[in-house]
Number of protein chains: 2
Amino acid sequence: MAAPLTGPSQSMRRLRALLPQVLDSVDCLLFDCDGVIWRGDEAIPGAPQVINLLKERGKRVFFVTNNSSKTRKMYADKLQALGFNAKEDEVFGTAYCSAMYLKTVCGLQGGKVYLVGSNAMSQELEAVGIQQTGVGPDHIHGKQGDWAAVELDPDVKAVLVGFDDHFSYMKLNRAFQYLTQRDCLFVGTNRDTRLPLEAGKAVPGTGCLLQAVETAAQRQAQTVGKPNHFMFDCVASQFGVDPSRCLMVGDRLDTDIMLGSNCGLKTLLTLTGVNTVADAEVHQKSGSAERQGMVPDYYVESIADLLPALQG
Amino acid sequence: MAAPLTGPSQSMRRLRALLPQVLDSVDCLLFDCDGVIWRGDEAIPGAPQVINLLKERGKRVFFVTNNSSKTRKMYADKLQALGFNAKEDEVFGTAYCSAMYLKTVCGLQGGKVYLVGSNAMSQELEAVGIQQTGVGPDHIHGKQGDWAAVELDPDVKAVLVGFDDHFSYMKLNRAFQYLTQRDCLFVGTNRDTRLPLEAGKAVPGTGCLLQAVETAAQRQAQTVGKPNHFMFDCVASQFGVDPSRCLMVGDRLDTDIMLGSNCGLKTLLTLTGVNTVADAEVHQKSGSAERQGMVPDYYVESIADLLPALQG
């Protein structure tokens, strides 16, 4: 077990001994999903019990994920199947949050989106009244000289890039033509470079696809997911939570912990996913003020470490 | 017409008045292709006459392109069809040069390459004795949990990324798995972000695909194309040219002009493609020593501007 850490501006502490006070100090816990409560299709051992006991103790629990491949309903179904006591309105994924962002921040209601993304994303868009085009395969066809003249939908006002296992050169080209031939909003769900699976494996994440489109368009997308505070704003505006009494729990420093820091939440790193304590120490010792936002207040080996205090 | 420019470290001059002296001072001219001698499938007006007259005057002419979608033979055929007097061994494209790079610099002879690229690239690889796998469509299949276990060829020792109109999420994933599951070389043909077509249009370039793979692998590829001096080394080693008596002619500052600067060649920007004189002035005035390498010695509106001097 790693020893407690102290740094120039902030100390990062193993949570176990402090757990009763920390739990008393919060009313609300936000959990990232991949690498925190599950890996791929398997729950982290002990995670369902932790979530369910927190709720029994009267804590509010939310699931805040950059993964855009599922609707809120699909996440609720997966959570329940893995033994988590969870409801649809407790889930804030980037499929849902991107739709909310386009509707509320961009004012796109009624407009149409060129979507590099999943069926889940199109369902969440349509649920808030935004039409989309683009989901599904789009293979190369025709001669190179005709690709710049590929058919574009005249109603499209925004390009939205999320996780898309049908990503292709033609989709990249179509997004590029929308972004350069007309005045189009450009939104991405998130910048995660890898999607962690079971047993330390991973596949390329949405950040890779977004980077390809940005490189072509020579334009940066506005991203909705963590560490952008919009994900927390969605939770706060719907449930009236007090940031100072919230704990953000995640496995990534640049998304989960940074979101917590950006929004004034307490932060807890769990070591069952992407980052290590050593990664956090590098940020801590960097002397960069911005990178201090990636240093968590606390860390645990696994969220199962919360179990003894909750069962006691 | 723009006026002559002077800068702190270098002056950039319109060529017309100086043309006889400049042509006398070189034995060899290297021409980029897209945006310089043609756009898409149409020759720049006057370009074939310029090339053919240069040769009649005893100059050596080479075609040096970052475009990886054709073999040397295919380029020679296209050049001849458009009226250029050109031979296969005068063409140095990144399909050919990448194969040479893997064979001579990386010593991969006999090894196998996972190729994100074209049939032309596979032909150039096979011509130097390197086997490849990967060309053609590779659509998504199976469940997400299985993608990290996608079948990998045990003989693959390098990942090569070039222009690939069949680029797909599965190809990105396969490249990522090769690069992270084993000790693999990582080579890219070039970083051009866009491929210019006729009438100011463009489609996404290889740089976008390479960026996606690099973002996933969190590793930088070695790129073979301009501005890397390897392209010029290929010409120089095969034809024994003297760099100080060469003129590099191109439309891009970051590839063509930079290559010339990197190799000690004279440089000429032509304004029929990507960059403008204003772009060059920004580099000139930046005060950055590295960016002075993107300031050409001379510029012309079009290489057709060379015609009067050659016809006179």
Side-chain angles (χ1 to χ4, degrees), chain A residues 34 39-42 67 69 116 118 136-150 163-177 179-181 191-218, chain B residues 39-42 67 69-70 116 118 136-150 163-177 179-181 191-218:
Chain A
D34 293 302
R39 274 188 294 234
D41 289 327
E42 289 177 21
N67 192 316
S69 60
V116 177
S118 58
D138 187 3
H139 304 316
I140 199 74
H141 59 270
K143 289 173 57 184
Q144 186 177 71
D146 301 327
W147 297 343
V150 70
F163 187 77
D164 187 351
D165 54 20
H166 291 292
F167 188 75
S168 65
Y169 182 77
M170 195 47 113
K171 288 192 173 197
L172 169 62
N173 176 52
R174 220 178 277 267
F176 167 72
Q177 302 300 341
L179 289 167
T180 53
Q181 289 187 28
R191 297 192 180 278
D192 297 49
T193 57
R194 297 181 182 181
L195 188 62
L197 303 177
E198 294 90 344
K201 294 190 170 174
V203 291
T206 304
C208 306
L209 315 184
L210 186 57
Q211 188 78 56
V213 179
E214 288 182 329
T215 300
Q218 289 170 42
Chain B
R39 274 187 294 233
D41 289 327
E42 290 176 21
N67 192 318
S69 60
K70 290 185 174 61
V116 177
S118 59
D138 188 3
H139 303 316
I140 198 74
H141 60 271
K143 288 173 59 185
Q144 186 178 72
D146 301 327
W147 296 343
V150 70
F163 187 77
D164 187 350
D165 54 19
H166 291 292
F167 188 75
S168 66
Y169 181 77
M170 194 48 111
K171 289 195 173 197
L172 169 61
N173 176 52
R174 222 178 275 269
F176 167 72
Q177 303 301 341
L179 290 167
T180 52
Q181 289 186 29
R191 296 191 180 279
D192 297 49
T193 57
R194 297 180 182 181
L195 188 63
L197 303 178
E198 295 90 344
K201 295 190 171 175
V203 291
T206 304
C208 307
L209 315 184
L210 187 57
Q211 187 79 57
V213 178
E214 289 183 327
T215 301
Q218 289 169 41

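Residue numbers start from 1 in every chain, and the chains themselves are labelled A, B, ... in the order their sequence lines are given, proteins ahead of strands.
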Margin query: Assess the residue pair A:His139 and B:His139 against the criterion (ring-ring contact (aromatic ring centres under 6.0 Å, His included)); give the C-alpha distance rounded to whole Å, side-chain angles, the decisive distance to 0.1 Å, and a yes or no.
Written below: CA-CA 9 Å; A:His139 304 316; B:His139 303 316; 3.8 Å; yes

Side chain from CB out, backbone as N, CA, C, O: work out which of these in [X] comes under 4.5 Å of a heavy atom of chain B, or both, or neither.
| X | result |
| --- | --- |
| A:Leu197 | side chain |
| A:Gln144 | both |
| A:Ala217 | backbone |
| A:Leu210 | neither |

Check: If you count heavy-atom pairs under 4.5 Å between each of B:Ser69, B:Gly145, B:Gly40, B:Ala212 and chain A, which one has the most?
Finding: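 That would be B:Ala212.
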
Going from [atom1] on [X] to [atom2] on [Y], what distance comes out if it is rounded to the nearest 0.5 angstrom?
| X | Y | atom1 | atom2 | answer |
| --- | --- | --- | --- | --- |
| A:Thr193 | B:Glu214 | OG1 | CD | 13.0 Å |
| B:Leu195 | A:Asn173 | CG | CG | 10.5 Å |
| A:Gln181 | B:Lys201 | CD | NZ | 6.0 Å |

Next item on the list: Determine the option with the most heavy-atom pairs under 4.5 angstrom with chain B, choosing from A:Lys143, A:Lys171, A:Gln211.
Entry: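 When all of A:Lys143, A:Lys171, A:Gln211 are compared, A:Gln211 has the most.
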
Check: Does atom CD of B:Gln218 have more than 12 heavy-atom neighbours, drawn from other residues, nucleotides or ligands, at distances under 6.0 Å?
Finding: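 Buried by this count: over 12 neighbours within 6.0 Å.
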
Do [X] and [Y] come within less than 4.5 Å of each other through their side chains, counting heavy atoms only?
| X | Y | result |
| --- | --- | --- |
| B:Ser168 | A:Phe167 | no |
| B:Leu172 | A:Leu209 | yes |
| A:Asp165 | B:Trp147 | yes |

Next item on the list: Test A:Thr215 against B:Arg194 for side-chain contact (heavy atoms from CB on, under 4.5 Å), laying out the working first.
Entry: CA-CA 9 Å; A:Thr215 300; B:Arg194 297 180 182 181; over 6 Å; no

Margin query: Using modelled atom types and a 3.5 Å cut-off, is there a donor and acceptor pairing between side-chain atoms of A:Tyr169 and backbone atoms of B:Pro204?
Written below: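 Yes.
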
Check: For B:Gln177, is it the side chain, the backbone, both, or neither that has a heavy atom closer than 4.5 Å to a heavy atom of chain A?
Finding: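 Looking at B:Gln177, just its side chain touches chain A.
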
